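Read through the structure below, which is laid out as structure tokens, and then see the notes.
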Amino acid sequence: MMEVEGLTAGYGAAPVLHEISFQVPAGKIVAVLGANGAGKTTLLRTLSGLVPATAGRILFDGVDLRKESVERMVRRGVAHVPEGRGVITELTVDENLRLGGLWRKPRPALDEIYELFPPLAQRRDRPGSELSGGERQMLAIGRALAAGPRLLLLDEPSLGLAPRVTAQIMSLLRDLRDRTGLAVLLVEQNVRSAMSVADEALVLALGRVVARGPSADLRDDAELRHAYLGF
Ligand code: ATP
């Protein structure tokens, strides 16, 4: 579904990402792992066009996303949930979700999203500012799902959340993959959580891919775990 080839990108003259290549198959969860500063967030931001790529290709269903506007990318089925969540705290839960579905025709019914996240249904008329950290993460994912994506780019969903809430979010991703065929590119510092749900994984170090493959194989590789994953 997504094929990334030789992607090089950064914020100034010196690249942060160096010739990154990997694939996200339809209906699979692929984890992006690595230490602080390895380039995980930069990779997601480059895939969704927020950081300019200086070389390489980002193919989605064979179309190079580097030439697409954000609107066209969303319409094609790619949605990004940024680190820090990006919920608009002045808007209500319902308004945030409607915003996510703005480019979708016909406009999505939000009932399905409220079914996935019951705590949001109870607060649909409350402003984002009143939500807990876990509820804000649910809202950020819900807003991305309102766009009807086939690929979700999800940055650090576990950040600042209690283990129980993180486990709920991982289980939801697994469920969406199995029920709807959603593909997810999941950036995580929490390696154990990510490995519990990912089919495949990609390990970054200093902006380069140092390992990739089925997540079970990477989990069993003690040398790799010790060198790059910290456990
Ligand atoms: P973390 O888990 O800490 O967010 P990460 O793996 O997501 O780490 P990035 O945030 O992508 O790593 O950072 C990769 C490199 O890019 C780091 O050296 C960082 O200092 C640099 N960097 C990140 N954002 C910017 C920016 N806006 N401008 C300049 N350099 C940046």
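Order of listing sets the numbers, starting from 1, for every ligand and every atom in it. As the structure is a prediction and not an experimental result, all values here were calculated from the model. Positions are given from 1 along the sequence.
- Heavy-atom proximity to Glu156, at under 4.0 Å, picks out these atoms of ligand 1: 2 (O).
- The closest approach between any non-hydrogen atom of Glu83 and ligand 1 is below 4.0 Å.
- Using a 4.0 Å cut-off to heavy atoms of Asn36, the atoms of ligand 1 that qualify are 1 (P), 2 (O), 3 (O), 8 (O).
- For the residue pair Thr41 and Glu83, a side-chain donor N or O sits within less than 3.5 Å of a side-chain acceptor on the partner.
- On a distance-only criterion, Val16 and ligand 1 share no N/O pair closer than 3.5 Å.
- No side-chain N or O of Ser158 forms a donor-acceptor pair with one of Gln189 less than 3.5 Å apart.
- In this structure, atom 22 (N) of ligand 1 is in close contact with the protein, since a protein heavy atom lies within 4.0 Å of it.
- Ion pairing between Glu135 and Arg123 holds under the 4.0 Å rule for side-chain N and carboxylate O.
- At the top of the distance list for atom 18 (O) of ligand 1, counting protein heavy atoms only, stands Gly37 O, 4.3 Å.
- At the shortest separation from atom 7 (O) of ligand 1 among protein heavy atoms lies Thr41 N, 2.8 Å.
- With hydrogens left out, the protein atom closest to atom 2 (O) of ligand 1 is Gln189 NE2, 2.6 Å, a heavy atom.
- Geometrically, Arg124 engages Tyr114 in a cation-pi contact defined by less than 6.0 Å to the ring centre and at most 45° from the axis.
- The pair Asp221-Arg225 fails the salt-bridge criterion, with no side-chain N (NZ, NE, NH1 or NH2) lying under 4.0 Å from an Asp/Glu carboxylate O.
- Of the charged side-chain nitrogens involved, at least one lies within less than 4.0 Å of a carboxylate oxygen, so that Arg76 and Glu68 count as a salt-bridged pair.
- Per-residue contacts place Ala35 under 4.0 angstrom from the following atoms of ligand 1 (heavy atoms of the residue considered): 6 (O).
- Heavy-atom separations between Gly34 and ligand 1 are all 4.0 Å or longer.
- Looking only at protein heavy atoms, the nearest one to atom 28 (N) of ligand 1 is Tyr11 CG, 3.4 Å.
- In this structure, the side chains of Gln137 and Val87 stay at 4.5 Å or more apart for every pair of heavy atoms.
- Proximity of Gly207 to ligand 1 is not established, as no heavy-atom distance is less than 4.0 Å.
- Of the candidates Leu17, Leu33, Thr42, Thr42 brings a heavy atom nearest to atom 11 (O) of ligand 1.
- Looking at Asp155 and Lys40, no side-chain N of the basic residue comes within less than 4.0 Å of a carboxylate O on the acidic one, giving no salt bridge.
- The nearest heavy-atom contact from the protein to atom 12 (O) of ligand 1 is Gly39 N, 3.2 Å.
- Residues Arg150 and Asp61 are paired through a salt bridge, judged by an N-O separation under 4.0 Å between the basic side chain and the carboxylate.
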